[in-house]
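Notes to accompany the following structure.
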Amino acid sequence: MFGSNKSNRDGHLVVDALIGAQVVIRGDVEFSGGLYVEGTILGKVIAQEGAANATLTVAEHGAIEGEIRAQVVVISGRLDGDVHATERVELTPTARVSGNIHYQVVEMNAGAQLTGRLIHASAAPQMALPPPAEEAPAGNGKDSSARKKLAEAMA
């Protein structure tokens, strides 16, 4: 199990580090490889830059209070904070997430609870609207109708 070279993509869970059920970490955690959390982390959990196959798994009784940044994130426990996954996020039926999830691919099973937003990575830059332009002088109905169409399309 530990030190295994098997890939998570092959259906095997790779665990390089385990945070046990009785462990509470107060502070940020930086990792590479597979991190399996059965305990509690009060701080950010961030994969090292350039770390290949950084996978964070939060077990059913595990909890994290802080931001998560990794390639693959699997949540079965509780998370209070935002998730930023460059590849995939999986929420199992016992997942309880309070925060926004930024993802490429998401798998959310029946029973999982999310209090926040699902934000696709490619949609994030497009979500920002340009600043409102000053109102055109009266009589320029063309600009006004274009704004109405844009507002309808965004709704």
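Hydrogens, waters and symmetry mates are skipped; everything else that's a heavy atom, side chains included, is used.
A 4.5 Å side-chain heavy-atom check between Glu38 and Gln22 finds every atom pair outside the cut-off. Using a 4.5 Å heavy-atom threshold, the side chains of Val58 and Leu79 count as separate. You'll find the side chain of Glu90 stays beyond 4.5 Å of the side chain of Val72, heavy atoms only. Looking at heavy atoms from C-beta onward, Val37 lies out of side-chain contact with Val45 at the 4.5 angstrom threshold. Side-chain atoms of Leu56 and Ile64, non-hydrogen and from C-beta on, do get closer than 4.5 Å to each other. Side-chain contact between His120 and Tyr103: present, with at least one pair of heavy atoms (C-beta onward) separated by less than 4.5 Å. Proximity of Ile19 to Ile25: side-chain heavy atoms (C-beta onward) are separated by under 4.5 Å at one or more points. Under the 4.5 Å side-chain criterion, counting only non-hydrogen atoms from C-beta, Gln113 is in contact with Arg96.
Taking CD1 of Ile101 as the start and NE2 of His84 as the end, the distance is 10.5 Å to the nearest 0.5 Å. The OG atom of Ser32 sits 13.0 Å away from the CD atom of Glu49 when rounded to the nearest 0.5 Å. Considering OG of Ser122 and CD of Gln104, their distance stands at 6.5 Å, rounded to 0.5 Å. Remark: Glu67 CD to Asp82 CG distance equals 6.5 Å, nearest 0.5 Å. Distance CD/Glu87 to OG1/Thr55: 7.5 Å, rounded to 0.5 Å.
The hydrophobic cluster containing Val97 also contains Met108, counting ILVMFWY residues as joined when their side-chain heavy atoms lie under 4.5 angstrom apart, directly or transitively. Hydrophobic cluster membership is shared by Val89 and Leu118, with clusters built from Ile, Leu, Val, Met, Phe, Trp and Tyr side chains linked at under 4.5 angstrom. Residue Val74 is not grouped with residue Leu35 when hydrophobic side chains (ILVMFWY) are merged at heavy-atom distances under 4.5 angstrom, including chains of intermediate members. The hydrophobic cluster containing Leu114 does not contain Ile119, counting ILVMFWY residues as joined when their side-chain heavy atoms lie under 4.5 angstrom apart, directly or transitively.
Ionic pairing of Glu30 and Lys44 is not present here: no N-O contact between side-chain nitrogen and carboxylate oxygen is shorter than 4.0 angstrom.
In plain terms, the two heavy atoms of Leu42 and Arg26 that are nearest each other are CD1-NH1, 3.0 Å. In terms of heavy atoms, Thr94 sits closest to Ser76 at OG1-O, 2.6 Å. Minimum interatomic distance between Ala70 and Ala54 (heavy atoms only, all atoms of both residues): CB-O, 3.9 Å.
Side-chain N or O atoms of Thr92 include one that pairs as donor or acceptor with a backbone N or O of Ile75 at under 3.5 Å. In this structure, Asn53 contributes its side chain and Gly33 its backbone to no donor-acceptor pair below 3.5 Å.
Evaluated for a side chain to side chain contact (heavy atoms under 4.5 Å, CB included) with Ile41, the options Ile68, Val24, Val29 yield exactly one hit, Val29.
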